[in-house]
Every structure is written in C-alpha cells, then in structure tokens.
Amino acid sequence: MGKKIKRLLLAPTAALAMFALGACVTINVYFPAAEAQEAAEEFVEKVLGEDAAAAEGEPQAFVPARRPAWSPMSLLISSAHAQQADITIRTPAIQAIQDRMAARFQSGLQAHFDSGALGFGNDGLVVLRDPAKVPLKDRVSVNQLVAEDNRDRNAVYREIAVANNHPEWETQIRQTFSRQWVASARAGWWYQAADGSWKQK
C-alpha cells in the first residue's frame, strides 16, 4: 500500500517536470536576429544592385536580440532544440520574388528614388513621397510599379517567415528588412523615421 501512495505522490511531480521541459523548449525557440540581419542584407543588396552600400552612421542601428540565459534545464533538452535557429532565403518562391524586385527596381523604380519622388517607408514598403517629382505622363506607371513592389515586399516577408517554419516571425522579419532598406540606401535617398517624419540620407 505504501508503494501505491508513493507512486501517486510522484505522478504530479513527473507531470510538472514534463511541463517544465516543454516550456523550456518553447523558450529556447527565439528569433535569430543576427541571422535575419545577414539574410536581409544579402536580399536587399541584390535588389538594389552592386552600388548599394551601407550608410555611415546608420540612424536606426541594428541591435541583435539578447540570447536567453543558460539554464540547467537546457542539459535535459536535445541538441536539436538547443541549436540556434537560422534564416534561409534560398527557396524558389523567395528567389522568384527577389528577381522580380531587382528587375523592377533597376528598370523603373531607381530613377524615382534618385529624384526623391520615392522613399522607403518605416513599414518596409515603398512610398510615393513626392508625386510632384514624377512627370505627369509617368504617374500611372509609377503608381503601378509601387503597388507591384509593395505586393512583393509583403509577400516576401511572409514567405521568409513561413519558409523558416515560424510564421509568427513575419513582423520581426519586416522590421529587420525595413532597417536594411535604409542601411543600403544611397546618399540622397529618402526614408521614413519611426515617428513618420521623412529624412534624407
């Protein structure tokens, strides 16, 4: 009888330990900010072309996310769970979007970034900042190019998160790319600060 009571008392403890292990695994799946930054830089610089260069004195400096503190419980978790997550942008869908964006930028959008008509929004999208700088005959086509590019931008942020099996990372992917568009922008281009104001590099 004593053994049965002992087993009954140990059961809740074992269940609690299993719950703690599950919670610990969840905690260890964190957004890989440094890897996302590298992926964003690779993607953006291909879209903008060889002349794209990081700004000196970047106004919205990238700050890597802090890694969770080590816990003795991590010894009980398999190495697969303990490994740092990675970010891949090398899927057919992502590559197709990147190719479209690069072709569109070089053939149509770049001139309007150079003129100051377009700018990088603080949400990772392209904004028609000053329509007056676009010749009247070109306004319809420029608006169409911006709409197409923003569709691809929204799609690629979502696709990168899904391709890496973490759809919940979409917002963080977007924020990382938003910073990188500004970092890779050329001198004279416009970008939108966090408070919504426009600044020129």
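Contact check for Q192 versus F120: no side-chain heavy atoms found under the 4.5 Å cut-off. By the 4.5 Å heavy-atom criterion applied to side chains, V156 and Q98 are not counted as neighbours. Residues R139 and L136 form a side-chain contact, since some pair of their non-hydrogen atoms from C-beta on lies under 4.5 Å apart. In this structure, Q200 and W189 have side chains that are not in contact, with every pair of non-hydrogen atoms separated by 4.5 Å or more. Between Q180 and E42 there is no side-chain heavy-atom pair separated by less than 4.5 Å.
To the nearest 0.5 Å, atoms CD (Q110) and CG (L118) are separated by 11.0 Å. Here the straight-line distance linking atom CD of E35 with atom CD1 of I89 works out to 13.0 Å at 0.5 Å rounding. Atom OG of S184 and atom NZ of K201 lie 7.5 Å apart (nearest 0.5 Å). Going from atom CD1 of I160 over to atom CZ of R174 covers 11.0 Å, rounded to the nearest 0.5 Å. Summarising the geometry, atom CD1 belonging to I97 is positioned 8.0 Å from atom CZ belonging to R158; distances are rounded to the nearest 0.5 Å. Taking CD from Q175 and OG from S178, the interatomic distance works out to 8.0 Å, rounded to the nearest 0.5 Å.
Of all the heavy atoms in A103 and S107, the pair that sits closest is O-OG, 2.8 Å. Across all their heavy atoms, Q106 and K46 have their closest contact at NE2-O, 4.0 Å. The minimum heavy-atom distance linking D152 with R104 is given by the pair OD2-NH2, 2.9 Å. Residues V127 and G121 come closest through the heavy atom pair CG2-CA, 3.8 Å. For the pair A163 and I94, the tightest heavy-atom approach, listed with the atom from each and the gap, is CB-CD1, 4.1 Å. In terms of heavy atoms, P32 sits closest to I87 at CG-CG1, 3.7 Å.
Looking at S197, its side chain never comes within 3.5 Å of a backbone N or O of A193 through a donor-acceptor pair. The backbone N or O of G124 sits less than 3.5 Å from a side-chain atom of Y157, completing a donor-acceptor pair.
Note on D149 versus R100: no salt bridge recorded, every NZ/NE/NH1/NH2 to OD/OE distance being 4.0 Å or above. We find that R153 and E148 are not joined by a salt bridge, their nearest charged nitrogen and carboxylate oxygen being 4.0 Å or further apart. The pair R186-D114 fails the salt-bridge criterion, with no side-chain N (NZ, NE, NH1 or NH2) lying under 4.0 Å from an Asp/Glu carboxylate O.
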Item to complete: Might you work through the side chain to side chain donor-acceptor pair (under 3.5 Å) test for D130 and W190, ending with a clear yes or no?
Response: CA-CA 10 Å; D130 189 350; W190 290 83; over 6 Å; no
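Under the 4.5 Å side-chain heavy-atom criterion for Ile, Leu, Val, Met, Phe, Trp and Tyr, M101 and L125 are members of distinct hydrophobic clusters. A single hydrophobic cluster is seen to contain both L128 and V182, as judged by linkage of ILVMFWY side chains at heavy-atom distances under 4.5 Å, directly or through other members.
Below 30°, between 30° and 60°, or above 60°: for W181 and F177 the angle between ring planes is between 30° and 60°, a tilted geometry. In this structure, F113 and F105 have tilted ring planes: the angle between them lies in the 30° to 60° band.
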